[in-house]
2 protein chains.
Amino acid sequence: MITDTRHAIIESAILVFNEDLSAPLEKIADYAGITRRTLHRYFKDRKELMESCECAVQRACYKTNTLAYNSSDDPVEKLENMFHAGMSCGIKYTFLHKLHSLHDHQHSQNSQHCTDYDMTFTLWREHLLVLQSRKLIHTDLSIEWIQAFFRGIVSASVQSQIPGQPLSDQVIKSAWFSFSKGIGM
Amino acid sequence: MITDTRHAIIESAILVFNEDLSAPLEKIADYAGITRRTLHRYFKDRKELMESCECAVQRACYKTNTLAYNSSDDPVEKLENMFHAGMSCGIKYTFLHKLHSLHDHQHSQNSQHCTDYDMTFTLWREHLLVLQSRKLIHTDLSIEWIQAFFRGIVSASVQSQIPGQPLSDQVIKSAWFSFSKGIGM
DNA sequence: AACAGATGTCTCAAATGTGAGACATCTGTT
DNA sequence: AACAGATGTCTCACATTTGAGACATCTGTT
C-alpha cells in the first residue's frame, strides 16, 4: 500500500535523523527497506521529508499528550498519564524537542510548528504549576528543569532499549520511580 | 598559538557533531571562527578530526571521573563527587556515550576507544554495586538503568543551559536533587 | 492472462562537500 | 624594519549526494 511505504519512510527517517541529522537519504531508504529512488517518489527532497517527520512527531506527541492531559481530574493520576504519554512517544518526543533546540533553529511565533510545539509543552507547564501550588511535588524545582528532566528520562529510557521497539515494562517502571522521586513526589 | 586553534576546533567540533554528526566541516570552522582551509591544516580529514574529538572527550571524562572515584572513602560523598565529575564534563559526557551507542558503531574489545570507554563506566558500575549492597540507594533499579538515568540527567542539564557555557549552580543543584532522589537516596 | 500501481535498476546531470596548492596578509618577536 | 609562523583568499580537482527520467519487474486484482 502507498501509505504503508510512506509511513515506513517517515519512521525510518525519524530514527536515522535522530541520530544523524545530515545523514544521506540512502541510509533512510536502507532502513525502510526500499530504494532511494522510491523514497524520492514520496518526498521531493530532504526538506520535504524533514517537514513530514516534524509533522509526524508533532502530531503524535500532541495527540497522546492532550489525551493524557484530559484523562483525569486527579492531579497525580493526570501526571502519571502524561508521563506514560511521553514515554509511549519515546524517540518521537526526544526528536521533537531536538528539532526545536537546534542551534540554527529560529524559534518563532509565526511558525505553525513552533506554536504547536509550544502548545504541547504548555500542557505540561500548566499541570506542573497546579502540582506545585498544591505542594504535590517539590516547589524549589523550576518548571523548566522539570521539563528538561522529563526529556532526560525519556531519552534515557529510549537509549536503554532496542531502537524502534516499544519500551519494556521494567524500564517504564524504573523511569517512573526515578521521575516521580526526582520531582519530589 | 597553534595549540589554541587546535583546541578551539576540537571544542567546536564536539559542539557541532553532538548536534549533527554529518555536518559539513565548514560549520565547525565557522563555530571556531576560522576558515575551512585552516581546519584542514590541523586535521587531514573528517575522520582524523572525529578521532581527535573522541580522544578529547574520552580523556576529559576518564580523568575527571577517575579523580572523583578516588576522591573519598565515604560512599555517598564519592557518589556526589562522581556526579559532579559527570556534570562538569557536560556535553563531552553525552557525546562520548553517543559515539558508542550509534547504530553503525561496532563495540569491540579490540578497539582501544571501546575499552577505555568501558573502563570509564566500569567505575560507575563498581560504585553503584557498593551503594546497592549497602542499601544506600534503591536496590530494585538495575545498574544499567541508573547509568542511563544519569546520562539523562547530564543531557537535561546541558540542554537547559547556553551551549558551551559551564552549568549554573541552580541547575546543578536541581540535577543533584533529581538524581539522588531518583535513585532512592 | 491482462492489467494497473508500486517498486527496482540503470543512468545521468546538477549540487554540495572535501582536500589541497599558491600566494597574500596579518601578528608578534627580534 | 625584517622576519617567521599562522591564517585568510582564491582556486581547482575530486568525491559524494541528490533529484529525476526511462524502462524493467513484481504483485495483487479482475
Side-chain angles (χ1 to χ4, degrees), chain A residues 1-57 59 91 95 98-99 101-106 113 163-164, chain B residues 1-57 91 95 98-99 102-106 113 163-164:
Chain A
M1 275 307 286
I2 183 158
T3 46
D4 282 355
T5 306
R6 197 187 158 81
H7 188 249
I9 294 173
I10 291 180
E11 290 295 309
S12 305
I14 292 170
L15 225 69
V16 173
F17 283 151
N18 192 48
E19 182 163 281
D20 181 1
L21 268 185
S22 301
L25 299 181
E26 186 122 40
K27 200 166 174 180
I28 293 163
D30 287 348
Y31 264 71
I34 54 157
T35 321
R36 190 169 60 85
R37 187 66 194 88
T38 300
L39 188 151
H40 277 295
R41 288 203 179 94
Y42 287 87
F43 304 95
K44 191 174 77 67
D45 56 18
R46 174 184 225 87
K47 197 161 154 282
E48 195 175 303
L49 173 57
M50 188 67 87
E51 180 77 12
S52 300
C53 287
E54 190 160 357
C55 286
V57 295
R59 215 150 3 116
I91 198 178
F95 187 55
K98 185 176 190 170
L99 288 176
S101 62
L102 287 176
H103 191 277
D104 5 0
H105 173 74
Q106 267 301 338
H113 282 316
Chain B
M1 276 307 285
I2 183 157
T3 45
D4 283 355
T5 306
R6 198 187 157 81
H7 189 249
I9 294 173
I10 291 181
E11 290 295 308
S12 305
I14 291 171
L15 225 70
V16 173
F17 282 152
N18 192 47
E19 184 164 278
D20 182 0
L21 267 185
S22 301
L25 300 181
E26 186 121 41
K27 200 167 174 179
I28 293 162
D30 287 349
Y31 264 71
I34 54 156
T35 321
R36 191 168 61 85
R37 187 65 193 89
T38 300
L39 188 150
H40 277 296
R41 288 204 178 93
Y42 288 87
F43 303 95
K44 194 176 73 69
D45 56 18
R46 173 183 226 87
K47 198 160 153 281
E48 195 176 303
L49 173 57
M50 188 67 88
E51 181 77 11
S52 299
C53 289
E54 191 160 356
C55 286
V57 295
I91 199 180
F95 187 55
K98 186 177 190 169
L99 287 176
L102 287 176
H103 190 277
D104 6 2
H105 173 74
Q106 266 303 337
H113 282 316

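Each chain gets a letter, A, B and so on, in the order the sequences are listed, and its residues count up from 1.
- In this structure, B/T38 contributes its side chain and B/I34 its backbone to no donor-acceptor pair below 3.5 Å.
- Taking atom CG of residue B/D30 and atom P of nucleotide C/dT18, one finds them 12 Å apart after rounding to whole Å.
- A salt bridge does not link A/R36 with A/D30: every distance from a Lys NZ or Arg NE/NH1/NH2 to an Asp or Glu carboxylate oxygen is 4.0 Å or more.
- Rounded to the nearest 0.5 Å, atoms CZ (A/R46) and CZ (A/F17) are 5.0 Å apart.
- Using a 4.5 Å heavy-atom threshold, the side chains of A/E19 and A/F95 count as separate.
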Worksheet entry | Footprint string (nucleotides 13-27 of chain D, 5' to 3'): B base within contact, S backbone only, - free, heavy atoms under 4.0 Å | ----SBBBBB-----
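- A donor-acceptor pair is defined here as one N or O able to donate and one able to accept, closer than 3.5 Å; such a pair exists between the side chain of A/K98 and the backbone of A/N18.
- The neighbour count for B/H103 NE2, taken as heavy atoms of other residues, nucleotides or ligands under 6.0 Å away, does not exceed 12.
- At its two ends the helix from C/dA1-D/dT30 to C/dT30-D/dA1 runs along axes set 30° apart, each axis drawn from five pairs and the angle rounded to 10°.
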Practice prompt. Kindly determine whether A/V57 and A/I91 satisfy side chain to side chain contact (heavy atoms under 4.5 Å, CB included), including the steps that lead there.
Written response: CA-CA 9 Å; A/V57 295; A/I91 198 178; over 6 Å; no
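- The phosphate of D/dT7 has neither OP1 nor OP2 within less than 4.0 Å of any side-chain N or O from B/T38.
- Between atom OH of residue B/Y42 and atom CD1 of residue B/I10 there is a gap of 11.0 Å, rounded to the nearest 0.5 Å.
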